[in-house]
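One structure is given below, encoded as structure tokens.
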Amino acid sequence: MNPELYLSYPSAFLIGLLGSTHCLGMCGGISASLSMALRVGKGFRLRQSLLLIAFNSGRIASYALIATLVAILSTSAANQWAGLGIVLRSIAGLLLIFMGLSMGQWWQGIRYIERIGAPLWKRLAPVTKRFLPVNHPGQALALGALWGWLPCGLVYSTLGWAALQPTVGSAALTMVFFGLGTLPSMLATGFAASWISGLKSNQIFRKFTGILLILFGLWTLPVATFISSSH
């Protein structure tokens with residue numbers, strides 16, 4: 001079955017939306033700090049909005065770039081190993097299940113996966129300090145572009161889906177839609193931090209989103225693909 005039949009851009013958006021409380025733990029602090037650095041006064045809301053939009057635009061652009069690199073590597077490897085598609089599908093499904101278990105606070109094994117990107121982030125983290133405090137959108141855009149490389153289980157889970165896409169362009173676009181799904185809560189961090197913080201700690205909400213992510217993962221697994229294609 002063509003991955004596009006079950007991997008759609010709305011699905012990527014929904015994963016980002018459902019997992020956005022996880023994003024708050026990873027990126028919420030830096031997003032909120034953009035507003036704190038601004039002087040309250042005339043035009044404060046406009047300046048705040050521009051910084052938040054610029055930061056998140058840079059972050060989403062990095063997701064698209066990472067997806068492009070992953071898609072190029074996976075396509076090249078798939079041309080050499082015929083069974084790689086099943087392996088990638090399995091990894092994508094398992095990562096989503098792990099993310100769901102983490103969201104529902106049943107098991108935090110996804111943290112071990114996040115360590116994969118730690119060496120790269122160790123090199124990038126000091127560079128981010130050059131753009132702090134953020135005073136204009138250009139700084140926010142650059143900071144967001146760097147922050148997009150922060151090791152994140154939710155990003156890695158969706159990258160697994162992106163690797164299943166039939167073209168490099170569609171893989172990048174998958175991550176753009178994922179990033180757009182995280183956008184509402186990331187923007188709200190600057191405008192309604194206390195309400196979002198309460199949502200993050202809401203056990204019912206976390207378990208509900210965890211279950212949905214697990215279902216996404218189960219549907220992605222090759223077994224589900226085989227069953228659906230046989231009907």
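Between Tyr9 and Phe177, the angle of the ring planes stays under 30°, which puts this pair in the parallel group of the 30/60° scheme.
When the options Phe216, Trp219, Phe178 are evaluated for a ring-ring contact (aromatic ring centres under 6.0 Å, His included) with Trp161, the one that passes is Phe216.
Put simply, the side chain of Leu146 reaches to within 4.5 Å of the side chain of Val127, judged on heavy atoms. Counting heavy atoms from C-beta outward, Leu164 and Thr220 have side chains that approach closer than 4.5 Å. Within the 4.5 Å cutoff, no side-chain heavy atoms of Met175 are placed close to those of Ile66. Using a 4.5 Å cut-off on side-chain heavy atoms (C-beta onward), Gln105 and Gln203 make contact.
Taking every heavy atom of both residues into account, Pro184 and Gly181 meet most closely at CD-O, 3.3 Å. Here the closest heavy-atom approach between residue Thr68 and residue Ala172 is recorded as OG1-CB, 3.5 Å. When all heavy atoms of Ala163 and Val70 are compared, the pair lying nearest together is CB-CG1, 3.9 Å.
Under the 3.5 Å distance criterion, the side-chain polar atoms of Ser62 are left unmatched by any main-chain donor or acceptor of Gly148. Side-chain N or O atoms of Arg206 include none that pairs as donor or acceptor with a backbone N or O of Gly104 at under 3.5 Å. Without hydrogens or angle criteria, Ser157 side chain to Leu95 main chain gives a donor-acceptor distance under 3.5 Å. Under a 3.5 Å cut-off, the side chain of Glu114 and the backbone N or O of Pro151 do not form any donor-acceptor pair.
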As a quick check of understanding, evaluate side-chain hydrogen bond (donor to acceptor under 3.5 Å, both in side chains) for Arg59 and Thr182, giving each step before the final call. CA-CA 11 Å; Arg59 181 175 60 86; Thr182 67; 3.0 Å; yes
Hey, mind stepping through Leu65 and Trp149 against side-chain contact (heavy atoms from CB on, under 4.5 Å) and telling me if it holds? CA-CA 10 Å; Leu65 174 60; Trp149 294 85; 3.9 Å; yes
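For the ring-ring contact (aromatic ring centres under 6.0 Å, His included) condition, the pairs that include at least one residue of residues 83-110, sequence neighbours left out, are Phe98-Trp107.
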